[in-house]
Amino acid sequence: MIEVKNLQKHFGDLHVLNGIDEVVHDGEVVVVIGPSGSGKSTFLRCLTLLEEPTDGQVIIDGQQINAPGVDINKVRQNIGMVFQHFNLFPHLTVRKNITLAPVKLKKMTQEQADAKAIELLTKVGLADKADAYPAQLSGGQKQRVAIARALAMEPKYMLFDEPTSALDPEMVGEVLDVMKRLAQTGMTMVVVTHEMGFAREVGDRILFIDEGIVMEQNNPKDFFANPQNERTKSFLSKVL
Amino acid sequence: MAEWWESITKTFYRCFIRDNRYKLLITGLENTIRISLAAACLGIIIGFLLAVCSLSKNRFLNGIHRVYTDIIRGTPSVTQLMIIYFVVFATVNWPKWLIASIAFGINSGAYVSEIIRGGILSVDIGQTEAGRSLGLNGRQTMFEIVVPQALKNIFPSLGNEFITLIKETAIVGYIGLVDIQKAGDFIKSATYEAFMPLIGTAIIYFVLIKLLTFGLNKAETNLRKSDIR
């Protein structure tokens, strides 16, 4: 379970997050939407402490992770992260991208990690690309590898930061498919996205973030059919 | 023409063959290579540590980097060499080539640190974030992910610095070491010939650096393997 209490993030005078209180239950798929600059990516990055919260608490499985003395590397092993720009390691093959962390962190031997890599690549439909370098892949393929890389650490939670925003339109589907299948396995996911179709179909709950707070949240059906907040209505009228 | 040729061969004989003078040049070449290699290794170590200092958030470490590069850049290398040899290591009985290597390593470190710093900064921050998000610590991320990519970016500049370093070592004669330059100089004094020994010296440096450039280019092609689409 991920709990967030009064989460604040300020960059100087700019208050990006203004006190978010939220709980993500195990097995839940929470989709975060909102206009650009609303703080949704910052919110997601705070969950794995890529951004240090200015104030408030991030609590993962009962442990406050933004407290002094916490081994954040240990915590992060349990939280996979997928980035908008993939951030694959360009100097390593696909296989090495996936096995680097599990082997370095002594979670698996190289043989075990290699087997795991093939298993994951098969799941994302790229088993034949194990020995390719990232530069040889299309955007959609890169993002699927990035998902496999995050899954190789066998995390309990997966965070997605606009995973399809940097893709050509015809490649969006293949990545969303992988994410949908992942959701069906019961993975706990927090997804920041502009893909309303995905939000509606796969999300258990939609959070609408604007001006650094959760303006509105609901199950997808009611959220899209019957938005309450004026800003939600205005946002949805622009994107739907 | 025949006379001209004969005088050339005679001078050549006198400069390089008689009294085994070529052996002097070989000793010189050995010393140049030995000092350059040792200094380059030390320079890369110092350069990396300084680069880490300059990129750290600690202001004291930033200061170390700034003062170090200021001093090295602000004084001639021959002055630095002589201070290291005649002052710092005055009472230490180490081989001269080792002391010279330390002096050049210290000098080169300042320039290498700027190269490495630029190389590390040129790697996208997303790479670090991806590494850290997987649970790798800062050091693992630096050495497994950032440094290998930075290395590819800085390799040409680093090679260039090594070439500069080789030529810089031509001043070790100041502390009584025989390198290529000094060997040529000895021959010049012994034979009263200027042309042949000096051109010979130049050719040896040129060939040495040409070979090195060739090797560096090969290595760079190898490093760029992962860029091939």
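A, B, ... follow the sequence lines: proteins, then strands. Residue 1 opens every chain.
One N or O on the side chain of Q127(B) and one on the backbone of L88(A) form a donor-acceptor pair closer than 3.5 Å.
Other residues, nucleotides and ligands contribute at most 12 non-hydrogen atoms within 6.0 Å of the CZ atom of F214(B). Atom CZ of F86(B) has more than 12 neighbouring heavy atoms from other residues, nucleotides or ligands inside a 6.0 Å radius. Atom NZ of K156(A) has more than 12 neighbouring heavy atoms from other residues, nucleotides or ligands inside a 6.0 Å radius.
With a threshold of 4.5 angstrom between heavy atoms, L105(A) approaches chain B through side-chain atoms but not through N, CA, C or O. In this structure, the portions of F89(A) lying under 4.5 Å from any heavy atom of chain B include both its backbone and its side chain.
In terms of heavy-atom pairs under 4.5 angstrom with chain B, the leader among G80(A), A146(A), A101(A), A150(A) is A101(A).
Taking all atoms of both residues into account, the shortest heavy-atom contact from H91(A) to E144(B) is NE2-O, 3.0 Å. Contact record, G135(B) with Q77(A): CA-CG, 4.0 Å, taken as the closest heavy-atom pair.
Between atom CG of residue N73(A) and atom OG of residue S133(B) there is a gap of 11.0 Å, rounded to the nearest 0.5 Å.
If you run side-chain contact (heavy atoms from CB on, under 4.5 Å) between L134(B) and each of R149(A), R76(A), K104(A), only R149(A) comes through.
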